[in-house]
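Quick note on labels: first sequence line is chain A, next is B, and so on, each numbered from 1.
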Protein chains: 2
Amino acid sequence: MSLKFAMLGFIDMKPMTGYDLKKMFETSVNFYWSATHSQIYRTLDEMKKDEWIMEEFIYQKDLPNKKVFHATERGKEALYNWIMEPSEIPPIRHKLLVQLSWADRLPTEEIIKQLNQYGEKLEERLALYDSDEQQKMPNWSRTAKEKFLWESILKNGISTYQAELNWIRSTIKGLKNFVNKDIPIDKK
Amino acid sequence: MSLKFAMLGFIDMKPMTGYDLKKMFETSVNFYWSATHSQIYRTLDEMKKDEWIMEEFIYQKDLPNKKVFHATERGKEALYNWIMEPSEIPPIRHKLLVQLSWADRLPTEEIIKQLNQYGEKLEERLALYDSDEQQKMPNWSRTAKEKFLWESILKNGISTYQAELNWIRSTIKGLKNFVNKDIPIDKK
DNA sequence: GTAGTCATGTAAGACGTTACATGATTCT
DNA sequence: AGAATCATGTAACGTCTTACATGACTAC
């Protein structure tokens, strides 16, 4: 449901093609919403039917022709209304945590290896976000307020991943007590 | 893909009905994976076909009949192998962040109201997890290691939500500078 | 009486991923 | 010569949500 609006917001800022949107979802936005080109083109069709966007066909000689989409008044209104809707805490589907719930069956070293691997991925992700690289938060921001909002969004990602990385580290530390030891419950 | 294994893990600990699983997903497990009964019954069918579980039909006089599922050897093996698979950082789909990206259009007070509402939800969630209530992490844990793992999983949730709550608070603070003010970029 | 728990299922639709499909231009 | 970029789409499949459907017993 949010996908339409994520796309509409971009199109409203600056008319765009499906291909442009695809790139947006691959770079900037990527950590809080994502979409493949399949999904993008299908959704563009729907939005066109709903008259939230209008298509402008552009012929190109050297490059493939393309369709630039523009937001309509109806579209802008729909976006505006949606932005004010209250939001729930997003459901998380966390494979690693499901694995951990049943990881009792694994040797402790294996579990630690798993957590380490995951931790490395978090580190990479954080490195990416901390680098200038990720100043790809679309840089055609107009107002100071908008700039502030985009920076805040990035911070959300960073602090979430950082929290999880800290958790990983402390969990690994705790697990080391179980390496090659059998610790009965309630041993005082 | 993880759903099968989340279910299988429970069934392996203790034979269960679809209804029992449903309750598990509503309580304990709920923050890192969730499922409705529709999905659960369909998935049980599939797992039966794959011979990961076996069905035991139980006739009851006062209550509706039920089907208790037991994990098979094949099922246990599948679970074991899956647990060792490396896990990616789960994709996040965060409606509030999409809304924030385009919230420049809203009066700052409205944005703050939105963030406050969301913050309250986080506080409720945290209160729930901090309370004994949430010792609903299935309490038939056998080994100390398993107990440690379940506690760790809960901590993951708590620290994630706590990090987001801190972020919300600091974002609100920052936004207050934009209430009824027009701040040009690069004003020194 | 009315809501809740126990207990099971089906059907339709929304949302998402992966694979299939094409083809010119530009960079290495 | 091979890979990447630009640019669009379709088809099949997998996953998830919402609504429809039933029915007895129990607690307030």
*Which angle, to the nearest 10 degrees, lies between the helix axes at the two ends of the helix from C:dG1-D:dC28 to C:dT28-D:dA1, each defined by five pairs?*
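Rounded to the nearest 10 degrees, the bend comes out at 50°.
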*Whether A:Phe10 and A:Phe25 hold their rings parallel, tilted or perpendicular, with breakpoints at 30° and 60°*: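 Answer is perpendicular, since the angle exceeds 60°.
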*Starting from the 5' end of DNA chain C, give me the residue, A:Ser2 or B:Asp20, whose nearest nucleotide shows up first.*
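With A:Ser2 and B:Asp20 compared, the 5'-side residue is B:Asp20.
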_Transitive ILVMFWY cluster of A:Val68, excluding itself - 4.5 Å side-chain cut-off_ =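 Besides A:Val68, the hydrophobic cluster comprises A:Ile58, listed by chain and residue number.
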*asked:* I need the residues from residues 75-97 of chain B with at least one non-hydrogen atom less than 4.0 Å from DNA chain C; give them sorted by number, or say none.
replied: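 Heavy-atom contacts with DNA chain C come from B:Arg93.
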*For DNA chain D, determine which residues of residues 50-69 of chain B have any heavy atom closer than 4.0 angstrom to one of its atoms, and list them numerically.*
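DNA chain D contact set from residues 50-69 of chain B: B:Asp62, B:Pro64.
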Rounded interatomic separation in angstrom, taking [atom1] from [X] and [atom2] from [N]:
| X | N | atom1 | atom2 | answer |
| --- | --- | --- | --- | --- |
| B:Ile40 | C:dC6 | CD1 | P | 14 Å |
| B:Gln39 | C:dA11 | CD | C1' | 15 Å |
| B:Tyr19 | C:dG4 | OH | P | 12 Å |
| B:Asp45 | C:dA7 | CG | P | 18 Å |

Judged by atom type as modelled, is there a donor-acceptor pair below 3.5 Å linking the side chain of [X] to the main-chain atoms of [Y]?
| X | Y | result |
| --- | --- | --- |
| B:Asn166 | B:Ala163 | no |
| A:Gln114 | A:Leu96 | no |
| A:Ser34 | A:Asn30 | no |

*How would you list all residue pairs meeting salt bridge (Lys or Arg N to Asp or Glu O under 4.0 Å) that involve residues 100-119 of chain A, not counting sequence neighbours?*
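Matches after skipping sequence neighbours: A:Arg105-B:Asp12, A:Glu110-A:Lys113.
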*Which residue pairs pass the salt bridge (Lys or Arg N to Asp or Glu O under 4.0 Å) test with at least one member in residues 90-101 of chain A, sequence neighbours excluded?*
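Counting only pairs at least two positions apart or across chains, the salt bridge (Lys or Arg N to Asp or Glu O under 4.0 Å) contacts touching residues 90-101 of chain A are A:Lys95-B:Glu85.
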_Range on DNA chain D touched by chain B - first to last nucleotide, heavy-atom distance under 4.0 Å_ =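 For DNA chain D, the relevant span reads D:dT15 to D:dC25.
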*Under a 4.5 Å cut-off applied to non-hydrogen side-chain atoms, are A:Leu97 and B:Trp33 in contact?*
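Side-chain contact under 4.5 Å: no.
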_N/O donor-acceptor pair, side chain A:Ser38 with base C:dT18, under 3.5 angstrom_ =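 Checked by distance alone, the answer is yes.
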*asked:* Enumerate the ring pair (Phe, Tyr, Trp, His ring centres under 6.0 Å) contacts for residues 35-56 of chain A, please, sequence neighbours excluded, ordered by first and then second residue.
replied: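 The answer is A:Phe5-A:Trp52.
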*Does A:Tyr118 have any ring-ring contact (aromatic ring centres under 6.0 Å, His included) partners at least two apart in sequence or in another chain, and if so, which?*
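Only A:His94 meet the ring-ring contact (aromatic ring centres under 6.0 Å, His included) criterion with A:Tyr118.
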_Qualifying residues under side chain to side chain contact (heavy atoms under 4.5 Å, CB included), relative to A:Thr108, sequence neighbours excluded_ =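 For A:Thr108 the side chain to side chain contact (heavy atoms under 4.5 Å, CB included) partners, ignoring immediate neighbours, are A:Ile112, A:Leu175, A:Phe178, A:Val179, B:Lys145.
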*asked:* My understanding is that only residues two or more places apart in sequence, or in another chain, count here; which of them pass side chain to side chain contact (heavy atoms under 4.5 Å, CB included) with B:Phe57?
replied: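 By the side chain to side chain contact (heavy atoms under 4.5 Å, CB included) rule, B:Phe57 matches B:Glu55, B:Tyr59, B:Asn65, B:Lys67.
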_For residues 72-84 of chain B, which residue pairs pass the side chain to side chain donor-acceptor pair (under 3.5 Å) check, not counting sequence neighbours?_
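Counting only pairs at least two positions apart or across chains, no side chain to side chain donor-acceptor pair (under 3.5 Å) contact touches residues 72-84 of chain B.
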*Evaluate the side chain to side chain contact (heavy atoms under 4.5 Å, CB included) criterion for residues A:Glu146 and A:Met13: first the C-alpha distance (whole Å), next the side-chain angles of each, then the deciding distance (0.1 Å), finally the verdict.*
CA-CA 11 Å; A:Glu146 192 159 79; A:Met13 287 203 90; 3.1 Å; yes
*Which part of the nucleic acid, if any, lies within reach of B:Ser34 when heavy atoms closer than 4.0 Å are counted: base, sugar-phosphate only, or nothing?*
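Counting heavy atoms under 4.0 Å across all strands, no contact is made by B:Ser34.
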*Which comes earlier along DNA chain D counting from the 5' end, the contact point of B:Met1 or that of A:Gly18, where each point is its nearest nucleotide?*
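It is A:Gly18 whose nearest nucleotide is closer to the 5' end.
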*Establish, with yes or no, whether the OP1 or OP2 oxygen of C:dC6 is under 4.0 angstrom from a side-chain nitrogen or oxygen of B:Lys23.*
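Answer yes for this pair, as a side-chain N or O of B:Lys23 is under 4.0 Å from OP1 or OP2.
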